2 protein chains.
Amino acid sequence: MTDTARLKPMANAIRALSMDAVEKAKSGHPGMPMGCADIAAVLFGDVIKFDAGAPRWPDRDRFVLSAGHGSMLLYSVLHLVGVADISMDEIRNFRQLGAKTAGHPEYGYAAGIETTTGPLGQGVAMSVGFAIAERMMNARFGDDLVDHRTWVIAGDGCLMEGVSHEAVQLAGRLALSKLCVIWDDNGISIDGHVSLSEGGDMIARFRAAGWATISIDGHDPVAIAEALAFAKASDKPTLIAAKTTIGFGAPKKAGSHAVHGSPLGAEEIAGARAALGWTAAPFEVPSEILADWRAAGARSAAAREAWEARHAALSPAERAEFDRRVAGDLPEGFDAAYAAYKAELVATKPKVASRKSSEMALEVINGLVPEMAGGSADLTGSNLTKTKAQKPFLPPDYSGTYIHYGIREFGMAAAMNGIALHGGLIPYGGTFLVFTDYCRPAMRLSALMHQRVVYVMTHDSIGLGEDGPTHQPVEHLAALRAIPNMLVLRPADAVETAEAWEVALKHRAGPSTLALSRQNLPTVRTDASENLVAKGAYVLADAEGAEVSLFATGSEIAIALDAKAKLDAAGHPTRVVSVPSFELFAAQPEAYKAAVVGTAKVKIAVEAAIRQGWDAIIGSDGLFVGMHGFGLSAPIEALYQHFGITADAIAALATERLA
Amino acid sequence: MTDTARLKPMANAIRALSMDAVEKAKSGHPGMPMGCADIAAVLFGDVIKFDAGAPRWPDRDRFVLSAGHGSMLLYSVLHLVGVADISMDEIRNFRQLGAKTAGHPEYGYAAGIETTTGPLGQGVAMSVGFAIAERMMNARFGDDLVDHRTWVIAGDGCLMEGVSHEAVQLAGRLALSKLCVIWDDNGISIDGHVSLSEGGDMIARFRAAGWATISIDGHDPVAIAEALAFAKASDKPTLIAAKTTIGFGAPKKAGSHAVHGSPLGAEEIAGARAALGWTAAPFEVPSEILADWRAAGARSAAAREAWEARHAALSPAERAEFDRRVAGDLPEGFDAAYAAYKAELVATKPKVASRKSSEMALEVINGLVPEMAGGSADLTGSNLTKTKAQKPFLPPDYSGTYIHYGIREFGMAAAMNGIALHGGLIPYGGTFLVFTDYCRPAMRLSALMHQRVVYVMTHDSIGLGEDGPTHQPVEHLAALRAIPNMLVLRPADAVETAEAWEVALKHRAGPSTLALSRQNLPTVRTDASENLVAKGAYVLADAEGAEVSLFATGSEIAIALDAKAKLDAAGHPTRVVSVPSFELFAAQPEAYKAAVVGTAKVKIAVEAAIRQGWDAIIGSDGLFVGMHGFGLSAPIEALYQHFGITADAIAALATERLA
């Protein structure tokens with residue numbers, strides 16, 4: 001039974017705290033929390049499986065506030081249900097330096113903040129990743145351990161964003177029935193009424209994508225409860241279209257964009273308090289209402305305890321495996337097996353594209369690490385991301401671990417964030433490096449949220465040849481290196497590719513991007529006993545009394561080695577430094593860095609990309625052989641010649657500078 | 001009457017040339033051209049308003065091959081109708097260095113290539129821009145001068161991409177009835193059957209967005225003709241869902257992804273020729289078929305001549321205005337009026353945010369330049385992109401020049417590319433700088449295609465304050481500076497903002513990004529007689545015997561000037577260099593650059609962003625005051641203090657280095 005008399009005051013508590021916090025901060029978005037308060041009251045009051053006393057319980061339902069500007073909705077609820085991280089002092093400190101209550105929800109600041117949101121659309125897209133992860137984990141561990149839902153509140157902004165299309169279509173195809181998106185249909189966006197820019201039929205849109213839909217009054221607790229029950233019973237993902245009034249309760253500003261993104265002001269707040277019958281002082285919640293909220297926060301404790309009993313009753317091996325995956329640790333024995341693989345590469349010296357050596361590494365990794373959740377944005381045969389034993393992740397059994405994301409690069413990247421945030425799985429996904437431009441907003445969130453997501457980006461330069469400038473990355477390495485906390489790894493041969501994968505898997509504190517070639521590369525490494533990619537840069541080929549140091553990455557290492565041979569032969573001893581990762585190199589001790597950079601008179605960086613960023617290694621007086629603008633459509637050999645990225649050009653440049 | 005007997009061989013000519021060219025290049029995508037050949041034969045044979053003898057006629061219909069990998073479809077058609085740029089030698093040279101027939105269609109290479117496509121989805125999104133431009137121009141110049149259609153062929157890839165959602169919804173809202181998207185519904189994507197990742201109902205999707213729809217057999221010329229006529233009669237944008245067989249005619253590979261992206265091979269080509277009844281030698285078209293194609297190419301000559309007569313009959317002033325806009329020239333008198341505005345700024349010294357001084361500049365510009373087509377991705381009141389006299393661009397009269405793009409940053413950017421490519425208008429549009437991540441794939445195309453699109457990117461640093469790290473750009477200036485041919489302009493005060501807008505408007509060969517502050521900035525320039533932003537960098541405040549040079553941009557100029565005052569007072573003469581544009585500075589003569597960089601012992605760059613890129617100006621031994629990672633949620637003053645971007649910190653760093 002839905003107890004409206006209990007739920008309405010609970011909703012008003014959200015409204016009051018949201019008004020108060022925004023007013024005190026003199027900044028924020030009161031409209032959305034006030035509009036969605038009734039929904040949140042029913043969802044958290046009666047429905048969601050969430051134990052405020054154990055907010056990180058692995059089998060909890062996830063709540064994603066895709067409309068992240070409404071952060072005070074989330075903070076209010078977390079405080080009210082009794083999540084310890086969000087004290088009333090945190091509410092008072094909304095949007096202040098050091099507060100857990102940042103302007104938008106920031107993952108890692110407090111339990112119950114399941115993901116960072118604010119960049120619109122991405123919450124919806126990440127929620128698809130959460131729902132995928134739930135099904136993939138369920139297929140392995142069963143209903144006893146994994147059986148939870150993902151609840152989302154999204155606004156018009158989220159659903160106008162293109163990434164929502166990618167997410168909605170994918171969720172429909174995958175029949176992710178435990179995903180429910182509640183659309184805060186308030187008719188208002190920043191520019192005014194949404195009809196200024198939107199005339200579509202949202203219900204019909206979601207139905208066309210294979211979703212169940214239901215339309216309700218978002219201020220009627222009974223209707224909200226029925227809709228949530230409808231979603232739970234559905235065999236499809238569900239859209240609840242909830243008609244709401246933005247800023248509900250504000251006497252003059254409700255229902256207009258004036259209430260979206262600014263404090264209400266003292267007068268309007270007084271009016272809202274009167275309208276809502278809220279008499280408590282600012283930042284105070286009457287004890288009865290708080291008690292109802294705290295009861296709601298404890299509502300799932302029994303379910304959590306039952307889960308813990310089932311977990312405790314598992315076989316030790318099964319429990320350990322579940323716990324290992326949730327903890328994100330690699331399996332025991334990984335290092336030894338992987339070392340053997342790397343040693344084999346040194347022995348066999350394959351000459352393959354690094355996309356191919358990535359596939360070879362993945363064959364080993366996926367055999368050792370069952371929690372790998374692979375995929376590609378419809379470039380499987382080009383990215384070489386699917387290993388032999390992987391089956392597609394598809395309904396009804398969901399036992400596959402390879403996701404055909406479709407031609408949805410951004411949606412894939414956002415879903416991978418959701419998968420990583422869910423826990424228990426390590427997502428990786430492929431497209432062409434140039435299309436990191438499409439993924440970029442989600443890659444930034446991977447980095448900001450410190451999530452272990454592996455971006456497998458192939459066709460990493462003009463070396464892809466004839467597809468031409470739209471497909472040839474030129475600025476992308478620099479642009480990715482620019483993202484804080486993003487590891488960019490561009491391996492030069494099969495050994496470095498294996499090392500790069502190892503680095504990515506062990507890099508728990510952030511995402512990695514592997515930049516991989518389409519063209520074949522010789523194996524240049526003769527020893528794999530130490531992971532040298534982990535150092536970021538190292539001397540690959542030394543020379544006594546070196547006059548020239550060549551610094552290169554990926555496919556340009558072979559060219560640099562050719563140039564070294566020419567320069568050595570011409571009496572100019574030349575060393576070659578491989579630089580698979582700027583970020584890892586920057587983190588090395590100064591003495592190591594100085595030794596690797598060396599003191600040769602001439603320093604030349606070689607990379608089939610723009611120079612930006614290289615000065616930090618070769619100095620601003622260093623020389624550069626690479627790209628200075630967009631590429632062209634032509635066979636690879638013609639392109640490297642045309643753009644002057646050749647051993648002859650390097651040798652000539654060095655010789656000229658030495659003269 | 002649709003003459004199937006004539007059209008089928010015309011379609012086969014496309015198939016034959018596409019097979020031959022891909023085979024000779026040993027690279028390319030034969031499947032799409034073979035599958036869509038019948039559609040192209042009817043469209044170009046009987047329907048489209050396109051005169052091959054005058055392929056740049058302003059009132060031509062535009063054809064956008066959104067599925068750009070099917071480039072041989074477009075090249076075949078352009079050759080066959082007789083566009084002089086695409087000779088048979090060009091067809092033979094498909095995908096070779098220097099050919100006009102690049103792997104994907106590249107704008108500027110040949111008449112008839114209306115836009116660069118290949119990055120999926122963007123053709124559809126740009127076509128919305130073409131259709132907007134047509135209506136906006138029509139509203140000003142009437143049916144006699146502007147009355148044409150936009151025809152698009154899109155594949156599943158285009159329509160899975162999120163940007164297609166943004167485009168489709170916007171086109172539906174704007175009721176762009178002269179836009180027709182033909183969906184090449186071949187059921188195949190690279191990973192296999194599209195059902196691997198897509199289960200939605202495309203017809204229902206487009207209907208939900210307010211489009212007219214019709215489903216046809218894409219190999220039946222009569223049905224194709226009827227559908228095209230349906231589209232012409234519709235008062236909504238139209239989706240033609242055309243069921244096709246990818247690689248139509250190839251006996252073994254047709255209908256499978258094997259025919260998508262690789263040459264067919266000699267045996268399969270022989271089989272296809274037999275199946276299609278094509279007996280001509282490779283790269284030969286039988287004279288009767290060619291004659292039919294050439295007749296099709298000349299079909300619209302009479303319409304073009306009639307248009308020219310109407311154009312000639314215009315009043316001289318009206319004709320000159322139309323021609324000026326189409327040529328892309330600014331109005332006479334612009335310079336004088338704009339100089340007066342800049343002089344006024346020097347006199348009045350406003351202290352306003354640069355987003356506000358951008359609005360002030362736009363008030364002047366929009367009054368002088370009626371072809372400005374403005375807009376924002378639902379941040380109008382934040383970006384300050386709408387000037388007082390602008391009305392919304394909305395049906396039915398379309399006389400407004402301000403587009404409410406909705407929360408669709410990528411769709412906006414792509415539409416702006418379409419508007420710019422269409423000609424006659426200068427598009428500008430706003431969002432927050434951090435959301436250039438969303439726009440980025442289209443910004444790259446603006447740059448690649450050399451289009452004058454102005455990106456008005458406000459809230460350009462941690463200076464936006466409480467919204468926090470998701471909204472604070474840190475790496476974006478570097479990432480945008482990395483894009484070849486993109487001007488990035490970060491003005492420091494109202495005068496520089498006015499100059500930046502002038503630079504952007506006069507920069508015909510590429511896009512510009514204005515990075516603008518949320519916070520107020522003092523006017524620091526005392527003279528506006530020369531546009532100093534156009535030099536990229538200049539000495540803003542000199543010092544005799546300077547020991548320190550400070551280099552800064554935008555909102556950090558005021559901080560650098562404060563630091564100079566402190567250092568001057570402490571006996572360390574300090575100069576301040578304003579660096580509004582790295583790209584423009586890099587293009588200056590070496591002597592000028594050396595003089596601006598100067599010889600002070602200590603060089604410090606100050607920018608509330610990452611260092612990447614600055615070494616080119618200050619040297620790798622230069623010092624940097626800025627950001628080293630993501631931002632935080634807090635009031636602006638707290639953030640600048642927390643991250644140490646203050647005059648005191650700069651002065652202390654300089655003093656320490658001088659000691």
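Every value quoted in this text rests on a predicted model; they were computed, and no experiment measured them. Computed from heavy atoms alone, side chains included, the values below leave out hydrogens, waters and symmetry copies. Letters A, B, ... mirror the listed sequences (proteins, then strands); counts begin at 1.
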Worksheet item: When you look at B/Asp615 and A/Arg611, which way does the side-chain contact (heavy atoms from CB on, under 4.5 Å) test go after all the steps?
Response: CA-CA 11 Å; B/Asp615 287 15; A/Arg611 174 174 181 143; over 6 Å; no
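- Nearest approach of A/Ala478 to B/Ala482, heavy atoms of both residues: CB-CB, 4.4 Å.
- For A/Ala175, no part lies near chain B; criterion is any non-hydrogen pair under 4.5 Å.
- Distance check, rounded to the nearest 0.5 Å: CD1 of B/Ile407 to OG of A/Ser189 gives 4.5 Å.
- Residue B/Ala167: no heavy atom, backbone or side chain, is found under 4.5 Å from chain A.
- Of the two parts of A/Pro473, only the backbone, made up of N, CA, C and O, holds a non-hydrogen atom closer than 4.5 Å to a non-hydrogen atom of chain B.
- Contact check for B/Gln612 versus A/Arg481: side-chain heavy atoms found under the 4.5 Å cut-off.
- The shortest distance between side-chain heavy atoms of A/Ser197 and B/Tyr405 does not fall below 4.5 Å.
- Proximity to chain B (any heavy atom under 4.5 Å) is shown, for A/Phe393, by neither the backbone nor the side chain.
- Residue A/Gln641: no heavy atom, backbone or side chain, is found under 4.5 Å from chain B.
- The candidate from B/Gly411, B/Ser195, B/Gly210 with the greatest count of non-hydrogen atom pairs under 4.5 Å with chain A is B/Ser195.
- Within the 4.5 angstrom heavy-atom criterion, only side-chain atoms of A/Val434, from C-beta onward, approach chain B.
- Counting heavy-atom pairs under 4.5 Å between each of A/Ile483, A/Ile610, A/Leu170 and chain B puts A/Ile483 at the top.
- For the options B/Arg207, B/Glu106, B/His642, B/His628, heavy-atom pairs under 4.5 Å to chain A are most numerous at B/Glu106.
- Heavy-atom distances place no part of A/Leu174 under 4.5 Å from chain B, backbone and side chain included.
- Counting heavy atoms from C-beta on, the side chains of A/Asp378 and B/Val194 never come closer than 4.5 Å.
- Using a 4.5 Å cut-off between heavy atoms, B/Gln472 contacts chain A through its backbone alone, with no side-chain atom that close.
- Most heavy-atom pairs under 4.5 Å with chain B, from the set A/Ile190, A/Asp201, A/Val163: that is A/Ile190.
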Practice prompt. With salt bridge (Lys or Arg N to Asp or Glu O under 4.0 Å) as the test, would you mind laying out the steps for A/Lys26 and B/Glu466 before giving the verdict?
Written response: CA-CA 10 Å; A/Lys26 299 190 188 68; B/Glu466 292 89 344; over 6 Å; no
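- Counting all heavy atoms, side chain and backbone alike, B/Gly103 lies closest to A/Ser633 at N-OG, 2.9 Å.
- Using bins of under 30°, 30° to 60° and over 60° for the plane-to-plane angle, the ring pair B/Phe410/A/Tyr438 lands in the perpendicular bin.
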Worksheet item: Between A/Phe206 and B/Arg205, is a side-chain contact (heavy atoms from CB on, under 4.5 Å) present by the stated rule, with each step listed?
Response: CA-CA 8 Å; A/Phe206 273 78; B/Arg205 168 195 173 189; over 6 Å; no
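- For the set B/Asn485, B/Ile203, B/Leu97, B/Thr117, the count of heavy-atom pairs under 4.5 angstrom toward chain A peaks at B/Leu97.
- Of the atoms belonging to B/Val168, not a single heavy atom falls under 4.5 Å from chain A.
- Contacts of A/His29 with chain B are made by side-chain atoms alone, with heavy-atom separations under 4.5 Å and no backbone atom involved.
- Using a 4.5 Å cut-off between heavy atoms, B/Leu120 contacts chain A through both its backbone and its side chain.
- Nearest heavy atoms, A/Pro484 versus B/Val474: CG-CG1, 4.3 Å.
- In this structure, chain B has heavy atoms under 4.5 Å from both the backbone and the side chain of A/Leu379.
- Note: B/Glu161 leads B/Gln96, B/Glu161, B/Gln169 in heavy-atom pairs under 4.5 Å with chain A.
- By the 4.5 Å heavy-atom criterion applied to side chains, A/Arg408 and B/Glu198 are counted as neighbours.
- Both the backbone and the side chain of B/Leu448 have a heavy atom closer than 4.5 Å to some heavy atom of chain A.
- In terms of heavy-atom pairs under 4.5 Å with chain A, the best-connected choice from B/Ala479, B/Gly200, B/Pro469 is B/Pro469.
- Ranked by heavy-atom pairs under 4.5 Å with chain A, the first of B/Gly118, B/Ser27, B/Ala377, B/Gly468 is B/Ser27.
- The two residues A/Thr116 and B/Thr470 have their closest heavy-atom pair at CG2-CG2, 3.3 Å.
- The shortest side-chain heavy-atom distance between B/Met160 and A/Glu166 does not fall under the 4.5 Å cut-off.
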Worksheet item: Can you check side-chain contact (heavy atoms from CB on, under 4.5 Å) on A/Asp467 and B/His69, steps first, answer last?
Response: CA-CA 8 Å; A/Asp467 274 346; B/His69 52 276; over 6 Å; no
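- There is no contact between A/Phe94 and chain B, counting heavy-atom distances below 4.5 Å.
- With a 4.5 angstrom heavy-atom cutoff, B/Leu445 touches chain A only via side-chain atoms.
- Of the residues considered (A/Pro119, A/Ala25, A/Ala209), A/Pro119 shows the highest number of contacts with chain B, using heavy-atom pairs under 4.5 Å.
- Every residue was checked against the ring pair (Phe, Tyr, Trp, His ring centres under 6.0 Å) condition with A/Tyr640, not counting sequence neighbours, and none meets it.
- Between B/Thr380 and A/Asp191, the side chains place a donor N or O and an acceptor N or O closer than 3.5 Å (distance only, hydrogens not considered).
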Item to complete: Give the intermediate values and the outcome of side-chain contact (heavy atoms from CB on, under 4.5 Å) for residues B/Arg444 and A/Glu475.
Response: CA-CA 10 Å; B/Arg444 185 174 207 253; A/Glu475 72 276 26; 2.7 Å; yes
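- Taking every heavy atom of both residues into account, A/Asp437 and B/Arg440 meet most closely at OD1-NE, 3.1 Å.
- Residue contact with chain B, scored on non-hydrogen atoms closer than 4.5 Å, involves the backbone and the side chain of A/Leu196 alike.
- With a 4.5 Å cut-off on non-hydrogen atoms, A/Leu159 touches chain B through its backbone but not through its side chain.
- For B/His476, the part sitting under 4.5 Å from any heavy atom of chain A is the side chain, from C-beta outward, and nothing else.
- With a threshold of 4.5 angstrom between heavy atoms, A/Leu632 approaches chain B through side-chain atoms but not through N, CA, C or O.
- Only the side chain of B/Ser164 has a heavy atom closer than 4.5 Å to any heavy atom of chain A.
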